[in-house]
Number of protein chains: 2
Amino acid sequence: MQLELSVDRGSPVPLYFQLAQQLESAIEHGTLTPGTLLGNEIELAARLGLSRPTVRQAIQSLVDKGLLVRRRGVGTQVVHSKVRRPLELSSLYDDLESAGQRPTTTVLVNTMVAASAEVAAALGVTEGSEVHCIERLRSAHGEPIAYLCNYLPPGLLDLDTGQLEATGLYRLMRAAGITLHSARQTIGARAATAVEAERLRERTDAPLLTMQRVTFDDTGRAVEYGTHTYRPSRYSFEFQLLVRN
Amino acid sequence: MQLELSVDRGSPVPLYFQLAQQLESAIEHGTLTPGTLLGNEIELAARLGLSRPTVRQAIQSLVDKGLLVRRRGVGTQVVHSKVRRPLELSSLYDDLESAGQRPTTTVLVNTMVAASAEVAAALGVTEGSEVHCIERLRSAHGEPIAYLCNYLPPGLLDLDTGQLEATGLYRLMRAAGITLHSARQTIGARAATAVEAERLRERTDAPLLTMQRVTFDDTGRAVEYGTHTYRPSRYSFEFQLLVRN
DNA sequence: TAGTGGTCTAGACCACGGT
DNA sequence: CCGTGGTCTAGACCACTAG
């Protein structure tokens, strides 16, 4: 059986990307079954009228995604396991939405405050300088899921309460032209204080899942610091990750 | 100021890798300060006597690690933030060891059991078939940190209790020639049951951090399924991740 | 307009895995 | 031994960014 592959040289889409997309969708749709040898890059290149480096670039991008495995002296084959969701900088809003939960957000605080030592250190600003502070309660089906407290450096974004309630913070940042680059996260657990318990409709001392995160843009600026608490009965962190060999 | 760069063509180490290492250590040591332009791949190639694709390959590997950022029409520059620990398939043993904690492990169970429905589904074996079951308590400085319960398919590895107490499970798997490829993790929290509380020297209903994980090798086989519980006062998950743009 | 990275070609030789 | 992927070369043209 031969897989149908073709590239459109008139398209502005890079050739290696076109090929990668076709291979990926073939794997996705089961046309390329797990274990199949893709073998012979040189022959594949000839068949498509491409050079070998171009074909390699396409294959490499899928190897990086974990869909293919290369073995010297053997060939390139489709990975058996259903690797699907790679780890990415997850947005709670997007997570809930893609799970069909139709999240709602209530903005409880949206103001400027003087940066505490903790916030100043995380954002790389001087202690006591003004930063945005927003506190939000996120719910689904009328049940609270998480309490989100975020700090942002001034002048980066204008934080409209209406927009914050309609979508997630990350979407607003991307829409404002901020290119997210990396984030440092810590996930832990602790007992709920009385105040936290009331916000999330839990009892005092109930277990809570906690996450702190600092996000950086591609110039290295910290663009957001957040401390979040989640109801563990309603939310957990789930992700797939690839081993760096 | 010119950075000293050179490659050894007699070395078995690939040229692009030599260059990547030199750039990485220069960034690490602060010789290349954040924001510095590396610019002009063509000139850099000429200076080293390499071709441009080779230089690009070196640079690309550092971009993938999050150390460099490329901008069309501008150049390649060193990222400002201290991106250091990329997310990888973390081993609790290695985490503790690199934190200077000298972990100790007590193997409580090391036997074969019939796979429950949950274990069978995770490992992709038939329910009721025999699988390895190991339960371990990991401590540091005499304090329990985590309770680890793992299941492995039969015939993959021979699980020596002495080795399990001396090192981590992942190291044993790698040493046995298993190439780890990907893992699916879920991190959550819940209240400790009476049994769990006693194991970890917590009180009943104390918050616990939980993690379940299925690990796959490069042929797509599930090689390990684990359910772990951690004392949140002693351990949290910390990692850096890069955004896929 | 000039300079940068992004893409692409058509070859080449080597190292490793399996036969 | 042969076939595979791994590495490398010396060019080329294009798209985007800045000044």
Side-chain angles (χ1 to χ4, degrees), chain A residues 5-23 35-64 66-79 177 179 181 218-219 244-245, chain B residues 5-23 35-64 66-79 177 179 181 218-219 244-245:
Chain A
L5 291 171
S6 62
V7 291
D8 171 14
R9 300 193 93 94
S11 165
V13 178
L15 300 178
Y16 81 89
F17 195 82
Q18 292 183 37
L19 176 54
Q21 279 185 319
Q22 289 179 44
L23 291 174
T36 304
L37 266 311
L38 231 62
N40 217 333
E41 300 178 346
I42 217 100
E43 188 265 344
L44 186 56
R47 183 142 63 96
L48 289 163
L50 297 174
S51 68
R52 188 182 167 208
T54 302
V55 171
R56 275 185 67 79
Q57 193 176 1
I59 291 177
Q60 188 58 48
S61 72
L62 297 183
V63 171
D64 291 342
L67 295 174
L68 298 177
V69 182
R70 291 177 137 139
R71 295 168 194 273
R72 246 208 288 233
V74 179
T76 303
Q77 50 185 324
V78 180
V79 159
T179 305
H181 177 262
D218 59 1
T219 70
R244 310 161 70 90
N245 284 313
Chain B
L5 293 170
S6 62
V7 292
D8 171 14
R9 301 193 92 96
S11 164
V13 178
L15 300 178
Y16 80 90
F17 196 79
Q18 292 183 36
L19 176 55
Q21 280 185 318
Q22 289 179 46
L23 291 174
T36 304
L37 267 309
L38 232 64
N40 216 333
E41 300 178 346
I42 222 104
E43 188 266 344
L44 186 55
R47 183 143 63 94
L48 288 162
L50 297 174
S51 68
R52 188 185 168 203
T54 303
V55 171
R56 274 184 68 79
Q57 193 176 359
I59 291 176
Q60 188 59 47
S61 71
L62 297 184
V63 170
D64 291 342
L67 295 174
L68 298 177
V69 181
R70 292 177 136 139
R71 296 167 193 274
R72 249 210 286 236
V74 178
T76 303
Q77 51 186 323
V78 180
V79 159
T179 305
H181 177 263
D218 58 0
T219 71
R244 311 162 70 91
N245 283 313

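Convention: sequence-line order gives letters A, B, ...; per-chain numbering from 1. What you are looking at is a predicted structure, and each value in this text was computed from that prediction instead of being measured.
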Taking every heavy atom of Leu15(B) against every heavy atom of Arg9(B), the minimum-distance pair comes out as CD1-NH2, 3.6 Å
Note: for Arg72(A) and Leu50(A) on DNA chain C, the residue whose nearest nucleotide lies more 5' is Leu50(A)
Judged by nearest nucleotide, the residue sitting upstream toward the 5' end of DNA chain C, Thr54(A) or Val74(B), is Val74(B)
Whole-Å distance, Glu43(B) CD to dT4(C) C1', equals 13 Å
Scanning all shown strands, the Watson-Crick or wobble mate of dG19(D) with both distances under 3.5 Å is none
Shortest non-hydrogen pair, Val74(B) vs Leu37(B), comes out as O-CD1, 4.1 Å
Nearest heavy-atom contact between Leu23(B) and Leu62(B) is CB-CD1, 3.5 Å
Taken to the nearest whole Å, CZ/Arg70(B) to C1'/dT4(C) is 11 Å
Rounded to the nearest 0.5 angstrom, the CZ-CD distance for Arg56(A) and Glu41(A) is 4.5 Å
Rounded to the nearest 0.5 Å, the CD atom of Gln57(A) sits from the CD atom of Gln60(B) at a distance of 8.5 Å
(message) Using a heavy-atom cut-off of 4.0 Å across all strands, would you classify Leu15(A) as base, sugar-phosphate, or nothing?
(response) sugar-phosphate
Ile59(B) atom CD1 is separated from dT4(C) atom C1', nearest whole Å, by 11 Å
Arg9(B) atom CZ is separated from dC14(C) atom C1', nearest whole Å, by 14 Å
Next on the checklist: Test your reading of the model: is there a side-chain donor-acceptor pair from Gln18(B) to the backbone of Asp8(B), 3.5 Å cut-off?
Outcome noted: yes
Separation of dG5(C) atom C1' from Glu41(B) atom CD, nearest Å, is 6 Å
Atom CG of Asn40(B) and atom P of dA2(C) are separated, to the nearest Å, by 16 Å
Do Val69(B) and Thr76(B) pass the side chain to side chain contact (heavy atoms under 4.5 Å, CB included) test, and can you show the C-alpha distance, the side-chain angles, and the key distance before you say yes or no? CA-CA 6 Å; Val69(B) 181; Thr76(B) 303; over 6 Å; no
* For Arg71(A), which contact category applies under a 4.0 Å heavy-atom criterion: base, sugar-phosphate, or nothing? -> sugar-phosphate
Margin query: Counting the atoms with a prime plus P, OP1 and OP2 as sugar-phosphate, which does Pro12(A) contact under 4.0 Å by heavy atoms, base, sugar-phosphate, or nothing?
Written below: nothing
Span of DNA chain D engaged by chain A, first through last nucleotide within the 4.0 Å heavy-atom cut-off, is dG3(D) to dT7(D)
